[in-house]
**Q** 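Here it is, the structure in full.
Just so you know, these numbers use all the heavy atoms, side chains as well, and skip hydrogens, waters and symmetry mates.
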Amino acid sequence: MLDGNKIDDIREISKYGKAKGFLLAKRYNLPTYSNFYIVDDELDIQILLDKFKQQNDFCMRSDTITGCKPIGVGGRNGNRETIFEYLSEIKAKEKQLGTKGVAIIYWNDGKFCEVYNIDGCFYLDYKTNKELIIDYVGKGWDGSALSHGNACHETYVIPWDDILFFDENCKNKYRQQIISEHGYFKLRNARIEKLNKDYGLPKETCEQVVPCKYKGIKNEYFRQVINSVIFPMYYSHDLQRNYKEYIPIVQIENGKVLVPEIILPERLKYKDFESIDER
């Protein structure tokens, strides 16, 4: 088992795509999970459960070493029983695909936000010294919709030199597109079907959690993202020296900003891989 807070484990952890993205979010003091653990067998899980005897909620993701074929097991929240089932799914895919898969178990105080209760997600695509492209999906969607290109409700393009002067009050100046009522209706129906199929939610519940009409981004959320993510990432000069592109994923959970990871170019080639379903 690898521990995200152990310095001795960092070199090994950084071989994994999502895990490396989490380490980068911590490196830049972005609001993210307090820690995570990488597990690859049932003994690791049991050690984790013994360590957190009072914890019954776990946020689970699959991962592979960067450059390997993605394992294709969708992220979800679980409990002390389903955490074993989740690892079994990864192991089954591992044999099927011939690639090494692990489970990332994120740690936070309190409960984790279910994917369908997320209040919106931002995909902040920094093109170093050129522009910042912001894609957004609203309540009921998660970051995978943006990273896989399955849904987008609004897009903004901000020239590099304008980023420091960008705020929620002038955002419409930079907006390139906003979804039509008909377009949102089609995406909503597809989302309800997916939540019903992948998460076993009754359709009535899905229809309640995904709004009937798109109401746009709340200024309060945009303000939080600008101050806690967009500006700090604009000043990430060491990233800019090494990469022409980097992408923080931002989710609004329980009214607050959460950055699960920063995607680097080595992972971008997989973002349209159909079998991936990550958050």
**Q** Are D135 and E154 close enough that some pair of their side-chain heavy atoms sits under 4.5 Å apart?
**A**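 No - every pair of side-chain heavy atoms lies 4.5 Å or more apart.
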**Q** May I ask you to say whether E193 pairs ionically with K203, meaning some side-chain N is under 4.0 Å from a carboxylate O?
**A** yes
**Q** When the ring centroid of F222 is compared with that of F166, is the distance short of 6.0 Å?
**A** yes
**Q** Between L187 and L201, is there a shared hydrophobic cluster once you connect ILVMFWY residues whose side-chain heavy atoms come closer than 4.5 Å?
**A** yes
**Q** Answer yes or no: does atom OH of Y235 have more than 12 heavy-atom neighbours from other residues, nucleotides or ligands under 6.0 Å?
**A**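 Atom OH in Y235 is not packed in, count stays at 12 or less.
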**Q** With the side chain counted from C-beta on, respond yes when P248 and F122 share a heavy-atom pair under 4.5 Å apart, and no when they do not.
**A**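 In short, these two side chains do not touch, never coming nearer than 4.5 Å.
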**Q** Write down the atom of S228, the atom of P232, and the distance for their closest heavy-atom approach.
**A**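 So the minimum-distance heavy-atom pair works out to O-CG, 3.6 Å.
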**Q** Using only heavy-atom distances, determine whether the side chains of Y246 and S236 contain a donor-acceptor pair under 3.5 Å.
**A**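 Yes - a donor-acceptor pair under 3.5 Å links their side chains.
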**Q** Ion pair present between K256 and E253, side-chain N to carboxylate O less than 4.0 angstrom?
**A**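 Salt bridge between K256 and E253, a charged N being under 4.0 Å from a carboxylate O: no.
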**Q** D119 versus Y221: any side-chain heavy-atom pair under 4.5 Å?
**A** yes
**Q** Looking at K18 and E261, is any side-chain nitrogen of the basic one under 4.0 Å from a carboxylate oxygen of the acidic one?
**A**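 No, E261 and K18 are not salt-bridged.
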**Q** As a quick check of understanding, evaluate salt bridge (Lys or Arg N to Asp or Glu O under 4.0 Å) for K91 and E94, giving each step before the final call.
**A** CA-CA 5 Å; K91 291 302 177 183; E94 186 177 83; 3.7 Å; yes
**Q** Can you check whether F36 reaches W107 side chain to side chain, under 4.5 Å on heavy atoms?
**A**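 No, too far: nothing below the 4.5 Å cut-off.
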**Q** Do K100 and D40 meet the salt-bridge criterion of a basic N to acidic O distance under 4.0 Å?
**A**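 Yes, this pair counts.
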**Q** So if I apply the ring-ring contact (aromatic ring centres under 6.0 Å, His included) rule between W141 and each of Y116, Y136, Y214, Y184, which one comes out positive?
**A**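 Among Y116, Y136, Y214, Y184, the one meeting ring-ring contact (aromatic ring centres under 6.0 Å, His included) with W141 is Y184.
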**Q** Hey, which of N196, D142, N150, V137 is the one that makes side chain to side chain contact (heavy atoms under 4.5 Å, CB included) with R191?
**A**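 Of all the options given, the one that passes is D142.
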**Q** Would you please say whether a donor-acceptor pair under 3.5 Å links the side chains of Q176 and T155?
**A** no
**Q** Decide whether D238 and Y28 meet the rule of one side-chain donor and one side-chain acceptor closer than 3.5 Å.
**A** yes
**Q** Could you walk me through whether Y16 and T66 pass side-chain contact (heavy atoms from CB on, under 4.5 Å), step by step?
**A** CA-CA 5 Å; Y16 294 89; T66 301; 5.8 Å; no
**Q** Quick check on ring-ring contact (aromatic ring centres under 6.0 Å, His included): which of F165, W160, Y126 does Y234 satisfy it with?
**A**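 Output: one option passes, namely W160.
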**Q** Same cluster or not: are I230 and V157 linked, directly or through other Ile, Leu, Val, Met, Phe, Trp or Tyr residues, by side-chain heavy atoms under 4.5 angstrom apart?
**A**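 As far as the 4.5 Å side-chain criterion goes, V157 and I230 are not connected within one cluster.
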**Q** Within a 6.0 Å radius of atom CD1 on I7, are there more than 12 heavy atoms belonging to other residues, nucleotides or ligands?
**A**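 No, CD1 of I7 has 12 or fewer neighbouring heavy atoms, counting only those of other groups under 6.0 Å.
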**Q** Is it true that atom NZ of K139 has more than 12 heavy atoms of other residues, nucleotides or ligands lying nearer than 6.0 Å?
**A**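 Count over threshold, so yes.
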**Q** Checking the side chain of S62 only, and the main-chain atoms of I71 only, is there a donor and an acceptor separated by less than 3.5 Å?
**A** no
**Q** Between E220 and R223, is the closest basic N to carboxylate O distance under 4.0 Å?
**A**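 No, this pair does not count.
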**Q** Return the minimal non-hydrogen interatomic distance between G72 and K93, and the atom names on each side.
**A**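 Answer, listing the atom of G72 first, then K93: O-CE, 4.1 Å.
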**Q** Transitively linked via ILVMFWY side-chain contacts under 4.5 Å: I192 with F185?
**A** no
**Q** Between the side chains of K26 and N35, does any donor sit under 3.5 Å from an acceptor?
**A**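 K26 vs N35: no donor-acceptor pair found between side chains.
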**Q** Is it possible for you to say whether I10 and Y33 belong to one hydrophobic cluster, with membership spreading through side-chain heavy-atom contacts below 4.5 Å?
**A** yes
**Q** In terms of hydrophobic clustering (I, L, V, M, F, W, Y; side-chain heavy atoms under 4.5 Å; direct or indirect links), are L264 and I133 co-clustered?
**A**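 No: no chain of side-chain contacts under 4.5 Å links L264 to I133.
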**Q** Under 3.5 Å, is there a donor-acceptor pair between the side chain of D9 and the main chain of D3?
**A**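 Here the side-chain-to-backbone pair exists.
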**Q** Would you confirm whether the ring centroid of Y174 sits within less than 6.0 angstrom of the ring centroid of Y156?
**A** no
**Q** Are R61 and D63 ion-paired here, with the side-chain N under 4.0 Å from a carboxylate O?
**A**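 Looking at R61 and D63, the cut-off is not met.
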